[in-house]
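Encoded as structure tokens, the structure appears first; notes follow it.
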Protein chains: 2
Amino acid sequence: MPDQRSTLRAQRRADTQRTIQAQAVRLFSERGYDATTVHHVAEAAGVSPMTVYRHFPTKEDLVLLDERGQLVAERIAAAPAAQPLVRRIGGALIESAATLTGGNHREFLLARLRLMISTPALRAKHLDNQYALQQVIVAAVGDDATDPDTAFRVQAAASACLAALHTAVVRWAEDDGRGELPELIATAFNAAFGDDFGSAHPKAR
Amino acid sequence: MPDQRSTLRAQRRADTQRTIQAQAVRLFSERGYDATTVHHVAEAAGVSPMTVYRHFPTKEDLVLLDERGQLVAERIAAAPAAQPLVRRIGGALIESAATLTGGNHREFLLARLRLMISTPALRAKHLDNQYALQQVIVAAVGDDATDPDTAFRVQAAASACLAALHTAVVRWAEDDGRGELPELIATAFNAAFGDDFGSAHPKAR
DNA sequence: CACCAACCTGGTAGTAACTATCACTGAGGT
DNA sequence: ACCTCAGTGATAGTTACTACCAGGTTGGTG
């Protein structure tokens, strides 16, 4: 009885997946995204091109795939607020950012962000992923989604929040991660929505 | 003496361009984007595949190409406001929307929007175009772009505005253009930024 | 221990979006 | 009436991606 469904298999699978992605990001960063073929990535990772496609449905996903979405949704649902929408969503995003940048993946994360920002194909698909995340957030907010007009307002608020977040993330990456991401996000929210967010370590107001 | 640089040539060129795009949108809508090849589009438009690529650099541009960007930028620059950023940008976006939906392209515009929303590849590239538009807007705002912190705030405000706009446009298209787009945009802005926008026909603040 | 089942992997085409290059035609100006 | 060159077309190539099929490894069962 496998406590974890075939542990060793999943282990090896996760390993090759990580190897492929690491090599992909390295090659893309060194030689450029367009100049690097999937075949090159496969070669560097020591697998066949077929295997790459088994793990990553598209070349873009070699850079973009991760699991941050689930995290954000949970935070949203966990904030059981009566606060205004943008504040509720914004708070959850700031907390999520703190968690993500706290990890030890920083350099890898930054490399991926740099690619995302500078490569049109990656930028486009990433923005579409954010759009999908928006739907997840809207679902997590959950406010009686029956009324289409209410749903529309939630969509508007969520989209604006994610846009501000994106702006902050871009700025953070352009600064090579020197600033504090949660602070930057708070600044972006203040610029967009007015001075309701204080800083990441909230003081007054 | 060409008052207009070789009038007939430009005329024919614009004609074929329009024909190609019209046939493309028609075929994509009828048979699906992925199921329609560029070759099909060329055949329907009575040209060779090469000619299609001459006029539209990518298949996605067959749906996405237009010139609305310039219009918005001009409106922004024309609004010489001391108003807050989001209000200034939002007002320009609402005016632009009124102009665009006032034209006689409505059915064509709606068809293109429906494709954009339902087709992942188009949605992604469209979002990236909006991101490019954001840079245009930021440039048009122009507020002493020297200070990086100020520039960052402008970016945040512009991105949030465009996100709200996008939400409204999606809603409008999903409603088959029955509502009034400027009103929808105003509603989206109110939901995201608070009740500062009144309706589309702004009188009092 | 032998066997089976389910993955994971690899190979071989095949499709379709582009790209580079060359040749042809016809419009615009001299 | 010539010359130039933008617009168009055909050919051949590259690359992302997709079936389809075959072999090998892992994990559990008689």
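Below, all heavy atoms of this structure are taken into account, side chains as well, without hydrogens, waters or symmetry copies. Chain letters run A, B, ... following the sequence lines, proteins first and then strands; every chain starts at 1.
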Respond yes when some side-chain nitrogen or oxygen of B/T16 is under 4.0 Å from OP1 or OP2 of D/dT8, and no when none is.
-> yes
Short side-chain N/O contact to C/dT9 OP1/OP2 from A/H55, under 4.0 Å | yes
To the nearest Å, give me how far apart [atom1] ([X]) and [atom2] ([N]) are.
| X | N | atom1 | atom2 | answer |
| --- | --- | --- | --- | --- |
| B/H39 | C/dA17 | NE2 | P | 11 Å |
| B/L122 | C/dA17 | CG | C1' | 14 Å |
| B/E43 | D/dA10 | CD | P | 12 Å |
| A/F56 | C/dC8 | CZ | C1' | 15 Å |
| A/L62 | D/dA16 | CG | P | 10 Å |
| A/R13 | D/dT25 | CZ | P | 18 Å |
| A/Y33 | D/dA16 | OH | P | 8 Å |
| B/R54 | C/dA17 | CZ | C1' | 16 Å |

Looking only at heavy atoms, which two atoms of B/Q21 and B/F56 are closest? And how far apart?
-> CB-CZ, 3.9 Å
Do you know the tightest heavy-atom contact between B/A188 and A/F152?
->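 Of all heavy-atom pairs spanning B/A188 and A/F152, the closest is CB-CZ, 3.8 Å.
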Dot-bracket notation for DNA chain D, counting Watson-Crick and G-U pairs under 3.5 Å, with | for partners on another strand | ||.|||||||||||||||||||||||||||
B/R26 and B/Q23: CA distance, side-chain angles, deciding distance, side-chain hydrogen bond (donor to acceptor under 3.5 Å, both in side chains) verdict | CA-CA 5 Å; B/R26 186 179 63 79; B/Q23 293 299 318; 2.7 Å; yes
Option from A/L93, A/I137, A/I94, A/T99 for which side-chain contact (heavy atoms from CB on, under 4.5 Å) with A/R75 holds | A/T99
Considering only [options], which nucleotide approaches the side chain of [X] most closely?
| X | options | result |
| --- | --- | --- |
| A/T37 | D/dT15, D/dC17, C/dT19 | D/dT15 |
| B/S48 | C/dA17, D/dA10, C/dC8 | D/dA10 |
| A/M50 | C/dA17, D/dC20, D/dT8 | D/dC20 |
| B/T51 | D/dG9, D/dC17, C/dT19 | D/dG9 |
| B/T58 | C/dC18, C/dT9, D/dG9 | C/dC18 |

For B/P57, answer base if it contacts any base atom (sugar-phosphate contacts may also be present), sugar-phosphate if it contacts only those atoms, and nothing otherwise; contact means non-hydrogen atoms under 4.0 Å.
-> sugar-phosphate
Donor-acceptor pair under 3.5 Å, B/R12 side chain vs C/dG26 base | no
Does CD belonging to B/E180 count more than 12 external heavy atoms closer than 6.0 Å?
-> no
For A/T187 and A/R171, does a side-chain donor sit closer than 3.5 Å to a side-chain acceptor?
-> no
